[in-house]
Colleague: 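Attaching a single structure in structure tokens format; questions to follow.
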Amino acid sequence: MDFNFELTLSADGFYGFLDKNGQWNGMIGDLVSDRAHIAAAPLTITAVRERVVDFTQPFMTLGIAVMHKKSGIEGGNGNVKDFKSVEELVSQNRVDYGCNYGSATQQFFVNSENQLHKTMLSHMSSNDGKSYVRDSREGMERVMKGDYAFMTESTAIEYAIARECDLYQIGGLLNNKGFGFAVKKQDKGHLRTALSSAILELQERGVLEKLKAKYWQAEQDC
Ligand code: GLU
């Protein structure tokens with residue numbers, strides 16, 4: 001799309017959730033309070049957000065998955081086996097697990113009617129919020145220490161696993177969803193329509209797939 005833009009970071013570093021005072025924060029808050037016109041990020045399309053902003057067509061599809069560090073001999077845990085499934089992770093208490101606080105991933109667990117997911121949410125909510133991390137960087141740091149499994153989006157997990165050979169994914173995807181850009185509800189500039197048609201065109205020409213392959217490819221793949 002041929003237009004000029006000014007790129008800024010959301011002040012609080014969040015993607016966006018409804019805080020305790022009933023205010024939207026993060027990039028969603030920036031749209032709601034007129035501080036930005038477009039949220040351009042790996043921003044998950046969710047029902048609660050769709051009520052306050054408008055999303056474009058998805059530019060990428062993904063799902064939630066669990067990332068953990070291989071036990072290995074180096075860690076002194078030679079007799080500890082890697083988890084084969086999410087159920088195995090949930091039925092033990094040696095390794096803690098959690099997700100980004102306020103993220104779409106957390107929202108997924110809040111909404112899910114699946115019994116396993118409910119059990120996982122009550123674990124995360126039970127210990128003073130210690131299972132939650134502030135952002136993906138903190139999640140990755142805890143994973144690298146070995147006693148934490150991080151639930152986040154498969155796009156981020158795929159990227160990390162291609163670069164850190166000690167990491168692996170436990171089980172498959174817990175859901176299926178998309179990333180979209182977001183704009184203010186009923187934006188006067190018809191930005192959403194223009195962005196969506198640009199996204200669809202790039203997708204139809206195979207450009208999005210090519211870009212994903214280019215940027216996810218590690219210099220030395222594990
Ligand atoms: N993409 C997510 C969001 O829009 C943040 C990352 C995550 O949920 O793990 O909130």
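Here the structure is a predicted model, which is why all the values come from computation and not from measurement.
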Colleague: Can a donor-acceptor pair be found, under 3.5 Å and without considering hydrogens, that links the side chain of Asp187 to the backbone of Leu191?
Modeller: yes
Colleague: State, yes or no, whether a side-chain contact exists between Gln107 and Thr44 at a heavy-atom distance under 4.5 Å.
Modeller: no
Colleague: Could you grab the distance from atom NZ of Lys130 to atom CE of Met124, nearest 0.5 Å is fine?
Modeller: 15.5 Å
Colleague: Could Arg142 and Asp96 be called an ion pair, given the rule that one side-chain N must be under 4.0 Å from one carboxylate O?
Modeller: yes
Colleague: Hey, what do you get for NZ (Lys69) to SG (Cys165), rounding to the nearest 0.5 Å?
Modeller: 12.5 Å
Colleague: Should Phe14 and Arg134 count as side-chain neighbours, where that means a heavy-atom distance under 4.5 Å?
Modeller: yes
Colleague: Walk me through it: do Val90 and Met120 pass the test side-chain contact (heavy atoms from CB on, under 4.5 Å)?
Modeller: CA-CA 7 Å; Val90 173; Met120 295 170 87; 3.6 Å; yes
Colleague: Using only atom types and a distance under 3.5 Å, with no angle test, would you say the side chain of Asn176 pairs donor to acceptor with the backbone of Gly63?
Modeller: no
Colleague: Could you measure the distance from the CG atom of Leu211 to the CE atom of Met60? Nearest 0.5 Å is fine.
Modeller: 8.5 Å
Colleague: Above 12 or not: heavy atoms from other molecules or residues under 6.0 Å from CZ of Phe3?
Modeller: yes
Colleague: If every non-hydrogen atom of Ser103 is compared with every non-hydrogen atom of Cys99, which pair is closest and at what distance?
Modeller: OG-SG, 4.5 Å
Colleague: Is Glu219 salt-bridged to Arg163, cutoff N-O under 4.0 Å?
Modeller: no
Colleague: To the closest 0.5 Å, what do you measure between OG1 (Thr193) and CD (Gln57)?
Modeller: 10.5 Å
Colleague: Taking ILVMFWY side chains as joined if any heavy atoms are under 4.5 angstrom apart, and letting links pass through other members, which residues group with Leu43?
Modeller: Tyr15, Leu18, Trp24, Met27, Ile28, Leu31, Val32, Ile45, Val48, Val52, Val53, Phe55
Colleague: What are the two closest heavy atoms between Lys84 and Ile170, and how far apart are they?
Modeller: C-CG2, 4.5 Å
Colleague: When the ring centroid of Tyr101 is compared with that of Phe17, is the distance short of 6.0 Å?
Modeller: yes
Colleague: Does the Lys185 side chain pair with the main chain of Glu50, one donor and one acceptor, at a distance under 3.5 Å?
Modeller: yes
Colleague: Please determine if Lys212 and Glu158 form a salt bridge, counting it only when a charged side-chain N lies under 4.0 Å from a carboxylate O.
Modeller: yes
Colleague: With side chains defined as the heavy atoms from C-beta onward, is the minimum distance between Asn100 and Thr105 less than 4.5 Å?
Modeller: no
Colleague: Using a cut-off of 6.0 Å, state whether more than 12 heavy atoms not belonging to Tyr168 lie near its atom OH.
Modeller: yes
Colleague: NE2 of His123: more than 12 outside heavy atoms within 6.0 angstrom?
Modeller: yes
Colleague: Under 3.5 Å, side chain of Glu164 to main-chain N/O of Ala160, donor-acceptor pair present?
Modeller: no
Colleague: Indicate the atoms forming the closest heavy-atom contact of Val66 with Met151, along with that distance.
Modeller: CG2-CG, 3.7 Å
Colleague: Between Ser112 and Phe108, is there a donor-acceptor pair closer than 3.5 Å when you use the side chain of the first and the backbone of the second?
Modeller: no
Colleague: Can you find a pair of side-chain heavy atoms, one from His117 and one from Leu174, that are under 4.5 Å apart?
Modeller: yes
Colleague: Which atom pair, heavy atoms only, marks the closest approach of Gly178 to Pro58?
Modeller: CA-CB, 4.2 Å
Colleague: With distance as the sole test, does Ser154 use its side chain to make a donor-acceptor pair with the main-chain N or O of Leu62 at under 3.5 Å?
Modeller: no
Colleague: Hey, could you give me each pair passing salt bridge (charged side-chain N to carboxylate O under 4.0 Å, His left out) that has a residue in residues 5-31? Not counting sequence neighbours.
Modeller: Asp30-Arg35
Colleague: Thinking salt bridges, do Lys184 and Asp34 make one under a 4.0 Å N-O criterion?
Modeller: yes
Colleague: If the test is side chain to side chain contact (heavy atoms under 4.5 Å, CB included), which one of Val133, Leu167, Thr152 qualifies with Met140?
Modeller: Leu167
Colleague: Describe, in one word, how the ring planes of Phe179 and Phe59 are oriented to each other, choosing from parallel (under 30°), tilted (30 to 60°) and perpendicular (over 60°).
Modeller: tilted
Colleague: Check Glu113 against Lys118 and note the closest heavy-atom contact, atom names and distance.
Modeller: O-CE, 3.5 Å
Colleague: With a 3.5 Å distance limit and no angle check, can you tell me whether Asp135 reaches the backbone of Arg137 through a side-chain donor-acceptor pair?
Modeller: yes
Colleague: Can you establish whether the number of heavy atoms outside Gln92 located under 6.0 Å from its atom CD is more than 12?
Modeller: yes
Colleague: If the condition is side-chain hydrogen bond (donor to acceptor under 3.5 Å, both in side chains), which residues does Glu201 pass it with, not counting sequence neighbours?
Modeller: Arg205
Colleague: Take Ile64 and Leu173 through the test side-chain contact (heavy atoms from CB on, under 4.5 Å) and record every step on the way to the result.
Modeller: CA-CA 5 Å; Ile64 294 170; Leu173 301 186; over 6 Å; no
Colleague: At their closest point, which heavy atom of Ala162 faces which heavy atom of Trp216, and how far apart are they?
Modeller: CB-O, 4.3 Å
Colleague: How many angstroms lie between NZ in Lys145 and CD in Glu141, if you round to the nearest 0.5 Å?
Modeller: 6.5 Å
Colleague: So, does Ser91 use its side chain to make a donor-acceptor pair with the main chain of Glu88 at under 3.5 Å?
Modeller: yes
Colleague: With no hydrogens and no angle check, is any side-chain donor or acceptor of His68 less than 3.5 Å from a backbone partner on Tyr148?
Modeller: yes
Colleague: Could you give the distance from CZ (Phe83) to OG (Ser71), rounded to the nearest 0.5 Å?
Modeller: 9.0 Å
Colleague: Between Gln217 (side chain only) and Ala213 (backbone N and O only), is there a donor and an acceptor less than 3.5 Å apart?
Modeller: no
Colleague: If you measure from the Lys or Arg side-chain nitrogens to the Asp or Glu carboxylate oxygens, is any gap between Asp82 and Lys70 under 4.0 Å?
Modeller: no
